[in-house]
Amino acid sequence: MMSDLSSAAARARELRRQIEHHNYRYYVLDDPEISDAEYDRLMQELKALETQFPELITPDSPTQRVGAAPVSGLEEVVHKVPMLSLDNAFTDEDVIAFDRRVRERLETDADIEYAAEPKIDGVAVSLRYEKGRLVLAATRGDGLRGENVTHNVRTIKAVPIELRGKAPEVLEVRGEVFMPIAGFKALNERALARGERTFANPRNAAAGSLRQLDPRLAATRPFDVFFYGLGEVQGWTVPPRHSDALEQLREWGLKISPLVRVVMGAQGCLEYYREIAARRESLPYEIDGVVYKVNRFVLQRELGYVARAPRWAIAHKFPAHEEHTIVRDVEFQVGRTGALTPVARLEPVFVGGVTVSNATLHNMDEVRRKDIRIGDTVVVRRAGDVIPEVVKVILDRRPPNARIVELPAHCPVCGADVEREEGEAIARCTGGLFCPAQRKESLRHFASRRALDIDGLGTKIIDQLVDRGLVRNPADLYALTVEQLASLERMGEKSAAKLVAALERSKNTTLPRFLYALGIRDVGEATAAALAEHFGTLEALEEATIEQIQETPDVGPVVAAHVRHFFDQVHNREVIRALRAHGVRWPDMQRRSAAQEGPLSGKTFVLTGTLDSMSRDEASKRIVALGGKVSSSVSKKTSYVIVGADPGSKLKKAQELGVEILDEAAFLALLKSAAPRG
DNA sequence: GATCCTCGAGTTCT
DNA sequence: CTCGAGGATC
């Protein structure tokens, strides 16, 4: 019998050693030596011992994975070495171009050695081991700061609490925590049986579960993990190749994807891609592409980084998921300008992780081009990122009673005539502001963030205000009382008072914002700013002739006519007068002699991705303040593209055109060096 | 008259 | 973000 403490301690040590060994065989190598029942017996024996002698319990005992108490909130963790994001490739050509860039930078014609691996659709994490012990686990977050999820990661059986063999002083490893498809399905079935919320896809399930506060809940979730990279390292001479480093991680007990392969050149990458794509459906977890990394660390270092993405790696994404569904109906939405947009109402379908039930068809030309009819079975995909798109009709499945989509002769909202100008793709309702849809959309535009920025005036509220006849034009908003607002649905005294305060705040504005808020056709933010700057005052613009308006930079005959027409309408002049009577005001424009001179004069900037230290708006302001120009699309004339986290297609465009790319740090440095003050 | 550069407008789901 | 179209330029 184990009544003696010292022999019990020895036995406990032995059991722990065995259990850790079998965990490694089972979870990391996927090659168990003993049956589940035998494993359970070892675990039970250890638990019994620890119950009998609680002083034997150590924090890293296999029985203590779920030892931590629930946390009250997730604390922030700063990554010592930032967690990178990857550039994306969607076509073979993208991959070939990537390989060419790599070889050009390295000035070599020889085939580059790449480490290739599947890109798992999960949650990126960073784990820190000190003296071989797991001390910290954090999510990727924005790459610089993540959240502390140590309490949950400890419960993942595939994650060693202690590394095997002789581990370095400090080892940070990066990997992907994910949920295998089978485990995800079982989890959802359990949730469904209990009437709880289900997860839309394994990725969401993994992300949600990992951020649980209570580790006991997380412990019931079927997580798995693969490691693929390094963060901070101390006390280990990292081998010369990425693939060798992974091999060493595996020996320390860290799980590495069995599909990691070393390939040669772009051709090797593409062959690997096809091989993995063919096996995609049979893998027990979801992947959304493959990743290629230059294998030799010296070369990685030589290539360096652009913004937060390494030049030595790229993610080759699989094509967007496509699904079949049925077009139940096609309805026409009326926009602010009266534009009638056909929208397909779809039989709800899961595509790429979310349920899609609507998809825009843009205009009638598009409907005809794709020959979409009501009742058709269509292929739907989520284009690149988010927006659902009807790709094509499956003609074989067209029912005999499929209905052709007709442009309505009258506006579905107000009944006014619908007109389509010769040569224009868009049909419009002629009801103008008599059309409730146009009125509502105009009000929404007026209140939007970039216009007068009226916080709390959302769609629901506007709908009610217009439907009840309380508001007919923007000026009416400023006559609303707290009592009137509080009588609306989903609106209490408190929110009503808040909205009135927001309205009050919005009265202090600027001329460009005000002009933009008016919603004159073809006058967006840039044109509104140009007009404001050219004329200086609203009065000057109101009195200007078409010819004078055309003298504004970037304003031609079409836009000038729209502006003149807008101010010719008695109704519009009255609304403006009423707005000013309610106290809407703006400071005089300081008329700038030509473009304001500054250190950045003559430079054109384009922003993409999210910046850490400031919003994109603020970045634009600072560029303009220094005399630079901010544009929305990249061309040969662009001086710099500023790249933040998760950049869009503009980064690719910039690379193609050879436009200089600045990451956030370089951008801040530029601002600093250009700033007049010290 | 053709081409390139920009801007404006509309859109989905959580 | 993407598409369509207005404006500028050659």
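As the structure is a prediction and not an experimental result, all values here were calculated from the model.
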Mind listing the N/O atom pairs, protein and nucleotides 8-10 of chain C, below 3.5 Å?
unit_1	atom_1	unit_2	atom_2	d
C:dA8	OP1	A:D554	N	3.3

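Closest to the A:N358 side chain, of the nucleotides B:dC13, B:dC5, B:dC7, is B:dC13. Comparing B:dG10, B:dG8, B:dT12 by their nearest atom to the side chain of A:D522 picks out B:dG8. Side-chain proximity of A:N363 to the nucleotides C:dG4, B:dC13, B:dG10 is greatest for C:dG4. Comparing B:dC5, B:dT11, C:dG7 against the side chain of A:S635 picks out B:dC5 as the nearest. Candidate nucleotides B:dG10, C:dG6, B:dC13 were compared by shortest atom distance to the side chain of A:V356, and B:dC13 ranks first. Residue A:T337 has its side chain nearest to B:dG10 when only C:dA5, B:dG10, B:dC7 are considered.
Evaluation of the salt bridge (charged side-chain N to carboxylate O under 4.0 Å, His left out) rule for A:K370 yields A:E366 as partners, not counting sequence neighbours.
Residue A:Q333 has a polar side-chain atom (N or O) positioned under 4.0 Å from OP1 or OP2 of B:dT11. Between B:dG8 and A:R521, no contact under 4.0 Å exists linking OP1 or OP2 to a side-chain N or O. Remark: A:S357 is not in phosphate contact with B:dT12, judged by side-chain N or O atoms under 4.0 Å from OP1 or OP2.
Using a 4.0 Å heavy-atom criterion, one finds that A:S633 contacts the bases of the nucleic acid, with or without backbone contacts as well.
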Show which side-chain atoms of residues 433-443 of chain A pair as donor or acceptor with protein atoms under 3.5 Å away, not counting sequence neighbours.
unit_1	atom_1	unit_2	atom_2	d
A:Q438	NE2	A:C429	O	3.3
A:R439	NE	A:L433	O	2.9
A:R439	NH2	A:L433	O	2.7
A:K440	NZ	A:D467	OD1	3.1
A:S442	OG	A:Q438	O	2.6

